[in-house]
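Indexing begins at 1, ligand by ligand and atom by atom, following the structure's order.
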Amino acid sequence: MTTTADALALGLSRDQALAAYTTVCRARALDDRRFLLNRAGAIAFIISPRGHEVAQAAAIAALQPGRDRFCLYYRDFAAALACGFTSAELMLSAFARADDPSSGGRQTPGNFGSRRRGVIIGSSTVGPQIPKAAGIGLGLKWKGEGALCYVSFGEGATSQGDFHEGLNFAAIHSCPVVFFCENNHWAISVPQPLQVAGAGVAARAAAYGIPGVVVAGDDFFAVYRAVAEAARRARAGDGPSLIEAQVLRLQSHSTDDDQRSYRDPGELAAEAEHDPIPVFQHQLEELGWLSEAEDRRIRAALEEEIDSATALAEAAPDPDPSTLSRHVYADG
Ligand SMILES: Cc1ncc(C[n+]2csc(CCOP(=O)(O)OP(=O)(O)O)c2C)c(N)n1
């Protein structure tokens, strides 16, 4: 775990760290509410970021939303919030309302898209955002503005051809891309040893001649440091990097899955004791940047925010049925 002295040496301000902490708590509060709404039958299936939030917020904190491009994946709710999505927008998407900024209620929630925030919408298939990010990286290199493309995915995606094609292409053309694997060791019910051959995800970077690092996904400052270094390399023209953040999947794959049917109960109980949010909270307390009172204030404000986001989304109109085939078939 990063020491207080090392955390201070990163040059992050208290405001930046507290903003990231608030994002992490916002993602969790939103997730709790979406889970209740799903169980009440008000919204369709959801995928939870629970256990990934700290790693996601740390990665985006080391980048430049508004300048960089982001190819996120379906578990990236804290990353999307860190890129500027609001709770209300993500709730509109959960309710599949017409005002959902990503797709007007057409795509599964978790397909994040926002042109003005540089967030490029994906699809629900596993992996295609990876070669897409390599191509975007090449475009950014040609533009020469010093921007980079960040792309995230699970370890299951690294057994897709898309992963290898994307890394190979980005390495050959020295594209400014940060490949960020959120390794929760499970691809739905398939454990890592049946999904990823060899020494792990980061080790695969060597095949493409790029740096590959493993980092503890519950250590905000360690993830920040790794992504900041990858971003520095990308902006300097030194090409892509691969980061493997080791995280826990504290929920089932989705609300349509029950991991108790295929995971060891002892392992699940042990993981439940290692929620990354209290770890981050403790790091901030050690730095003297967060008090218990401040933490209570942040969480109470978020409860109110999620209440009004839910009310707004519940009352918002559905997409117009006459537009059903828009973006599916060519007009006319
Ligand atoms: C090409 C493709 N194959 C299979 C699926 C079904 N599927 C959806 S999510 C998922 C697991 C992916 O696991 P991982 O990449 O480790 O990410 P995680 O969900 O664990 O964060 C699978 C197999 C899919 N959507 N697309």
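- Inter-residue side-chain proximity for Leu90 and Phe77 is flagged as met; some heavy-atom pair is nearer than 4.5 Å.
- Glu286 and Thr4 share no donor-acceptor pair across their side chains, judged by distance under 3.5 Å alone.
- Between Asp31 and Arg34, at least one side-chain N (NZ, or NE/NH1/NH2) sits under 4.0 Å from a carboxylate O, which counts as a salt bridge.
- Judged by distance alone, the side chains of Arg249 and Gln259 do bring a donor and an acceptor atom under 3.5 Å apart.
- At least one side-chain heavy atom of Tyr73 sits under 4.5 Å from a side-chain heavy atom of Gln129.
- Within 4.0 Å of ligand 1, counting heavy atoms only, the contacting residues are Tyr73, Tyr74, Arg75, Ser124, Thr125, Val126, Gly154, Glu155, Gly156, Ala157, Gln160, Asn184, Trp186, Ala187, Ile188, His253.
- Aromatic pair Tyr21/Trp289: centroids not less than 6.0 angstrom apart.
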